[in-house]
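Notes follow once the structure below has been shown.
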Amino acid sequence: MVNIDKELERCAKCGQCRSVCPIFSVLKDETLVARGRLAIIQSKTTASSSVEYNDLAKIIDTCLMCRRCEVHCPSLVKTSDVFKSVRQELVAQNGLPSLLRLAFRWVLPNRWLYDNVMRLASSVMRLMIHHRTRQAPLRHLPLYFTNLLQRLPKLAPKSALESIEHPGVTSGRATPVSIFIGCAANYIYPGIIDGLTSTLNRLGISYVIPAQQVCCGFSALLSGDELTAKRLMKINQPLFKTDTIITVCPTCNRMLREMQDTEFGMRSEIIDAIEFLADTTESQISNPKSQIRTVYHKPCHSEGTKAPEIIRALLKTTTDYQETDSDLCCGGGGLFGLKFPDLSEQIGHLRLKSIHPSIGSLTIVTNCPGCMMQLDYLLSLTNSPMKTRHIMNILGSSQ
Amino acid sequence: MILTNQIYHQLKSVIDKERVLFSIEARIASSYDASRLSYLPAVLVKPINSKEVSDILRFAYLNTIPVYTRGAASSVTGSAVPIKGGIVLDLSLMNRIIEINPVNLNATIEPGVVVTDFQKEVEKQNLFYPPDPASADFCTIGGNVATAAGGLRCIKYGTTRDYILGLEVVLSDGRIIKTGRGTLKKVSGYDLTRLFVGSEGTLGVFTKIIVRLIPKPPAEATLLAFFDGPTKPLQLSLTLLDRGILPRALEFMDATSISAVMKYKPDAPIPPETKAMLLIEVDGYPQDVENLARQVEQYIQEAKPLGIIRAQDKNHSQKLWSIRKAISAALFSITAQKISEDISVPRASIIPILQTIKEIESTSGIPTATFGHLGDGNLHINFLVSTKEHENNLASALDCLFKRTIELGGTLSGEHGIGLTKAKYLPLEWGKDELEIFKALKQLFDPKNILNAGKIFG
């Protein structure tokens, strides 16, 4: 357990976080950057109760939890742990918003219910929204719902877990690896899992996909709902029995790794699929050079891992790859995009602008389905010819 | 005296009320800087143009309210801290690059522009803005002008002072004046520009800054050399200049800094017995750079180093620089508190001042780490304070350091400024007559003493 007071004391107030915070890049508001947030939290701990901190909840909520400030902090302040703990405190005091409470406590831990809710949502959306133009044909919807529906990505007709015919069957090498799928790959981009499994098949690596696996719990934990996060971990823990667990989402990866030391953490090695492939296969994991033009979008939660370097090198040798100016955040941040749609879009547009506005038929390759959701949404707003692909899609298409 | 909430309500009629902030959260977030000192202001305002700054200052002047101009608040001396409350004037929203003119070799920018952002923009046009303080990724040009910020390339290219051609300044009563006209040469009236540069927000508020640009040197070479002690690299740094080589960076790191970095970055390619390092960078045309780099390498070899690394490409060069740039962070990880001084001495006094630092270390018992810009004599001396005894001995250690610095012909601050933390030492460096002139100038520009009140003179 992190000692929050110690972390707060450690901040040297240098200002480095101002150079990497996606929220600050748009709003230039010191109360919404790590240095300011930490100072506010610290002062609250010693302030007399007569001082009203009316903006505190908003200040804590408007954090993407991208963790850039933490990675770049010269004083090594564990900012995300501080914010997480304050969120938990706020939830303990005020409770969760009812919709979130319903989703976290009932839907996420129940695979069957989750599947059916998503199926229902999918039909409702088909009815209400034209996916090409993203306009709601039913004009009488309250504005809030229209916005929400427009932001929700199109669901795949069949989830990844439903599409896998024999999730428990292994092939190839004797010691199999387990695949942790994650919600976005399961419901929205099941092609990522196809790409991964076909690559594993091609390389002769056996795998298992536990069919009863549930959400990693990251969103719940970050929203201050530790109870749900623990329940989900408790369900997942006994399902993953192999020595190695591979992931296709850096956020799930981070969550599972960070929880390893806790009561319900998984004890196996947890590794990003692309790192696993690069480690285990000495030979080329990909195909001969193709002509597609690519850029790489680095997910915030891949910061500090080897995945970005591996993917960049891979794209350089196998595609017509272009380096972009910077590694800005896409602004997605899971629930953040639904809570603060305007802010999320502003951050996202900065990202797209840095990729190069004049480049037409370009594929943005990334290793995070969450980033793909956000980028796909932004691209659909402008009818851009650019498209997104997960690195597993790129590998999978190379036979 | 006007009451705090009256300031708030009246300011709302001066500028858009969305940008006048009174909440406890906004006030806390404008109370500190990197000195870690903190004082709550009454109110925070975020103007977006010169006229708003002028209106705010006129209001403050009429009511005699202190005004504290704020950029990124990365100052380490308390320059940005609102020690007497009042209004914090946050210029973060005034961050437009108004013009980059490649023919006139100048640019006009607003004070809230972040230094690295500006450098990236000019480099797209093959131009170069050399000043690069270690905090360039987040500090603002306005703050750089206010503190005459230096950086790593000073030996060849000078400091911020050498790149400011003119300013638009709002005076304490709200008048807007212009100094300098964007020409490289100017002998027409007094040089007010140079007076404002380094004035730490006490004479006026900069609202537009005309900076000088130069063509970007097309190539550079970076070398990192490791030694068994400080004598050889110190001698080598003098030798290089004697032989007509003017590197653009000449950075020194002592044994304590190196051992901290080795712990902080275990993968850094530093030989284990290293007690001193020298980072040298030369730039110019590719052929010249190649010749220069070979010569430098030869001179380093003659000094019998433990090893040399020459960067193979830009990426590699960044890796070598990351060793130097990690020192500050690395020191934080080995000490509870670090007091960082930035004295500057004539180059001939570098060896004697390092001797003094050794003596101070043994008498006070406070460990020190010294690194910095050997090329220009500006050293970062860090006192690593971790015990009660260290804390008790700190004041006399600093006294001793500053006195010796002045004796050796040096100055209290090479690039951080005086702010709050060094105000009491000012009379060590300046006599009664000079201090009177300083105060008379302050009186002339800011008769009611509202601009960054309480700084420099205490």
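Just so we're on the same page: letters track the sequence lines, and every chain starts at 1. Since we're looking at a predicted model, the values are computed, not measured. Side-chain atoms are counted along with the backbone in the values below, which use heavy atoms only and exclude waters and symmetry mates.
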| task | Verify, without hydrogens or angle tests, whether A/Arg293 (side chain) and A/Asp320 (backbone) share a donor-acceptor contact under 3.5 angstrom. | result | no
| field | Interface moiety of A/Glu52 toward chain B, non-hydrogen atoms closer than 4.5 Å | value | backbone
| query | Which region of A/Arg37, side chain (C-beta onward) or backbone (N, CA, C, O), has a non-hydrogen atom less than 4.5 Å from a non-hydrogen atom of chain B, or is it both or neither? | reply | neither
| query | Which bit of A/Leu76 is near chain B, if near means a heavy-atom gap under 4.5 Å: side chain, backbone, both or neither? | reply | side chain
| field | Most chain B-contacting option - heavy-atom pairs closer than 4.5 Å, from A/Ser43, A/Cys17, A/Cys73 | value | A/Ser43
| field | Side chain proximity check, A/Thr305 to A/Asp272, heavy atoms < 4.5 angstrom | value | no
| Is it the side chain or the backbone of B/Asp33 that comes within 4.5 Å of chain A heavy atoms, both, or neither? | backbone
| Check: A/Val82 and A/Ile41 side chains under 4.5 Å, non-hydrogen atoms | yes
| task | Identify the residue among B/Leu384, B/Val385, B/Thr368 that makes a side-chain contact (heavy atoms from CB on, under 4.5 Å) with B/Lys338. | result | B/Leu384
| task | Among the options B/Ala26, B/Ser35, B/Ala73, pick out the one with the most heavy-atom pairs lying under 4.5 Å from chain A. | result | B/Ala73
| Under 30°, 30 to 60°, or over 60°: which ring-plane class applies to B/Tyr129 and B/Phe118, parallel, tilted or perpendicular? | perpendicular
| remark: The interface call for B/Ser92 against chain A, heavy-atom contacts under 4.5 Å, is both
| query | If we only count heavy atoms from C-beta on, is the A/Asp55 to A/Thr31 side-chain gap below 4.5 Å? | reply | no
| task | Name the region of A/Cys11, side chain, backbone, both or neither, that has any atom closer than 4.5 Å to a heavy atom of chain B. | result | backbone
| Most heavy-atom pairs under 4.5 angstrom with chain B, which of A/Arg10, A/Lys28, A/Arg18, A/Glu9? | A/Arg18
| Is there a side-chain contact (heavy atoms from CB on, under 4.5 Å) between B/His416 and B/Ser340 once you walk through the steps? | CA-CA 10 Å; B/His416 295 166; B/Ser340 165; 4.0 Å; yes
| message | With a 4.5 angstrom heavy-atom cut-off, is it the side chain or the backbone of A/Leu56 that approaches chain B, or both, or neither? | response | both
| message | Checking B/Ser31 against B/Ser38: is there a side-chain donor and acceptor pair closer than 3.5 Å? | response | yes
| Relative to chain A, which segment of B/Ser74 carries a heavy atom at a distance below 4.5 Å: side chain, backbone, both, or neither? | both
| query | Can you say whether B/Lys46 sits under 4.5 Å from chain A via the side chain, the backbone, both, or neither, judging by heavy atoms? | reply | side chain
| field | Part of B/Asn95 within contact of chain A (heavy atom distance under 4.5 Å) | value | side chain
| Is B/Arg70 close enough and on-axis enough to B/Tyr32, meaning under 6.0 Å and within 45°, for cation-pi? | yes
